[in-house]
Amino acid sequence: MRKIVLVALLLVGGAMVFTPLAQNLFLLATGQGYFIPSESSIWTFRATQMNQGSGEWWLRGEDRAHYYAIGDMPGSYLILDRDAAVANVSADDPATWGDAARQGHAKK
């Protein structure tokens with residue numbers, strides 16, 4: 001029984017250390033305006049730039065398949081497929097995404 005508990009603790013600890021799970025859980029529970037894009041998951045979404053003001057929401061993020069950037073309208077965001085990253089499109093600069101990006105909306 002002790003071995004099973006130890007293995008379970010190691011698996012949970014590994015998930016917390018090697019995935020963005022812990023940060024996402026914390027910010028979902030405590031952050032104002034923080035959300036995970038519906039195209040991503042709590043296991044894989046990683047915020048790469050956070051708002052510097054009083055709110056705790058991401059401005060840019062990524063996962064294995066996409067790059068994300070907060071849009072102009074509340075609850076909207078841009079999605080750039082990693083495969084769509086082409087010449088003159090910088091994943092770090094959403095202003096260059098243009099027609100390569102599509103619109104997403106946060107679920108309420």
Distance (rounded to the nearest 0.5 Å) between Phe45 CZ and Glu39 CD: 10.5 Å
Rounded distance (nearest 0.5 Å) linking atom CD1 of Ile70 with atom OH of Tyr77: 9.0 Å
Note, Asp99 side chain near Trp97 side chain (heavy atom, < 4.5 Å): no
Check: Asn24 side chain, Ile42 main-chain N or O, donor-acceptor pair, under 3.5 Å: yes
Heavy-atom pair with the smallest gap, counting every atom of Trp58 and Pro37: CZ2-CG, 3.7 Å
Same apolar cluster: Leu59 and Leu80, side chain cutoff 4.5 Å: no
Minimum side-chain heavy-atom gap Leu27-Met50 below 4.5 Å: yes
Flag side-chain contact, heavy atom, 4.5 Å: Gln32 against Glu56: no
Ile79 with Phe35, same ILVMFWY side-chain cluster at under 4.5 Å: yes
Row check, Tyr68 ring normal vs Arg60 NZ/CZ: under 6.0 Å, within 45°: no
From Gln23 atom CD to Leu28 atom CG, the distance as rounded to the nearest 0.5 Å: 10.0 Å
Any donor-acceptor N/O pair, Thr30 side chain to Phe26 backbone, under 3.5 Å: yes
Heavy-atom check, side chain of Glu62 versus side chain of Thr44, under 4.5 Å: no
Greater than 12 external heavy atoms within 6.0 Å of Gln103's CD: yes
Asp93 atom CG, neighbour heavy-atom count above 12 within 6.0 Å: yes
Exam field: side chain Ser76 to backbone Met73, donor-acceptor pair closer than 3.5 Å: yes
OG-CZ distance between Ser41 and Arg64, expressed to the nearest 0.5 angstrom: 7.0 Å
Flag, side chain of Asp63 to backbone of Ala65, donor-acceptor distance under 3.5 Å: yes
Atom pair OG1 (Thr48) and CG (Asp92), whose distance is rounded to the nearest 0.5 Å: 7.5 Å
Reported CH2-to-CD1 distance for the pair Trp43 and Ile36, which is rounded to 0.5 angstrom: 12.5 Å
N/O donor-acceptor pair under 3.5 Å between Thr96 side chain and Ser90 backbone: yes
